[in-house]
Amino acid sequence: MEIIIAKDAEQAAAVVADRFEEVLHARGEDGAVLGLATGSSPVLTYRELISRHREQGLSFAHARAFLLDEYIGLSADHEQSYHRFIRDTFTGHVDIPDELVLSPDGEAPDPRAEAVRYDASIGEAGGVDIQILGIGANGHIGFNEPTSSFGSRTRVKTLTEQTVRDNARFFSSSDEVPIHVLTQGLETIREARRIVLIATGEGKARAVRDMVEGPVSAACPASILQMHPAVTVVVDESAARDLTHADYYRFIQSQKDRLDS
Ligand code: F6R
C-alpha cells in the first residue's frame, strides 16, 4: 500500500485528483472507466476535478463511471439517492455523458437480480480503471459492513445502526435513512485496476489504522485492500493520527519526491 499523509483535506483531494487525471490521460480516447463513491470524503476531490475541467480543459468526454452503491427504495432522482448525489456534486459539472454514469437501480423490482446485472455490467465495460473510495468509521468500503465476505460481489446488504446514524446527517431524521442498499462486493471492488482511498478527520483515524496496519480481517472490510497491488491511501494529519508507522510513510514519500524532482 502507498500511504500519503497530506497536510490537510485540500491537499489530500489534489493528490487524488492527480491520480484520476493520470488515468484519464493514459486511457485517452479509449475511455477511462471511473469508479465513483459518494459521501463526504470525495467531495473536495470532485470539486478539484471540476475546477481542472473548467480551468485546464481536463476532459471526461470519453469516460464512463460506475457508482459503488445505492439505497434500495430510492429512485435515481430522489434527493438523497447516490445517483442524484453524484450528478449534483460531480458528473453534472463535467463533460462525462450523463447516460454513462451508472448506478445500481434502487427501485428495481428484484434487487437481487439487479445486483447480478449491475456487477456483470462493470465487467462488460472492461472493468474499473480507477476506483475512489471513502471508509466508514467501522472500516466499511462501499457498504460492505464488518463481517462481509472477502469473496462478495454486488448484492443486497443491511446497514449497521452506526452507518444509519452516520448517514442520517444527509436526511431530515435517521428514520428516513433506508436500511437496505445495493453495494458492490469486496471482490468486485478489488477487481479495480487502481484504488485510491481518501480519509480525513480524526473520526476515521481508527478505521485507517485497522485498514493499513491491522490484520486482514472481515472485522475491518477495508483491510482487504492490503491484498491489492495498486492501492493508494491518502489521509490528512488527523486521520493519520493512530498510524504506528506514520514517520516511515512520510520518509518514503520524501524519497519519492526527491526522485521525482
Ligand atoms: C459511499 C460509500 C461509503 C462511504 C463511507 C464514508 O458511496 O460507499 O463507503 O465512502 O461511508 O462516508 P463519508 O465519506 O461520508 O464519511
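When a ligand or atom number is given, it counts from 1 through the structure's own listing order. Residue numbers run from 1 in the order of the sequence given. From a predicted model like this one, the values you see are computed outputs, not experimental measurements.
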Identify the protein atoms, limited to N or O, that lie within less than 3.5 Å of an N or O atom of ligand 1, and list each pair with its distance to 0.1 Å.
residue: ligand 1; atom: 7 (O); partner: Thr38; partner atom: N; Å: 2.9
residue: ligand 1; atom: 7 (O); partner: Thr38; partner atom: OG1; Å: 2.7
residue: ligand 1; atom: 7 (O); partner: Asp69; partner atom: OD1; Å: 2.8
residue: ligand 1; atom: 7 (O); partner: Asp69; partner atom: OD2; Å: 3.4
residue: ligand 1; atom: 8 (O); partner: Asp69; partner atom: OD2; Å: 2.5
residue: ligand 1; atom: 8 (O); partner: Gly142; partner atom: O; Å: 3.4
residue: ligand 1; atom: 9 (O); partner: Gly142; partner atom: N; Å: 3.4
residue: ligand 1; atom: 9 (O); partner: Gly142; partner atom: O; Å: 2.7
residue: ligand 1; atom: 11 (O); partner: His140; partner atom: NE2; Å: 2.7
residue: ligand 1; atom: 14 (O); partner: Ser40; partner atom: N; Å: 3.2
residue: ligand 1; atom: 14 (O); partner: Ser41; partner atom: N; Å: 2.8
residue: ligand 1; atom: 14 (O); partner: Ser41; partner atom: OG; Å: 2.5
residue: ligand 1; atom: 15 (O); partner: Ser40; partner atom: N; Å: 2.8
residue: ligand 1; atom: 15 (O); partner: Ser40; partner atom: OG; Å: 3.0
residue: ligand 1; atom: 15 (O); partner: Arg169; partner atom: NH2; Å: 2.8
residue: ligand 1; atom: 16 (O); partner: Lys204; partner atom: NZ; Å: 2.7

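Note on residues 32-56: pairs passing ring-ring contact (aromatic ring centres under 6.0 Å, His included), not counting sequence neighbours, are Tyr46-Phe90. Screening residues 151-182 for ring-ring contact (aromatic ring centres under 6.0 Å, His included), with sequence neighbours left out, gives Tyr71-Phe171. Counting only residues at least two apart or on different chains, no side chain to side chain donor-acceptor pair (under 3.5 Å) pair has a member in residues 220-230.
Nearest approach of Ile86 to Ala37, heavy atoms of both residues: CD1-O, 3.6 Å.
A 6.0 Å sphere centred on CD of Glu202 holds no more than 12 heavy atoms belonging to other residues, nucleotides or ligands.
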Audit row: Leu159, His140, side-chain contact (heavy atoms from CB on, under 4.5 Å) steps and yes/no: CA-CA 10 Å; Leu159 300 180; His140 71 225; over 6 Å; no
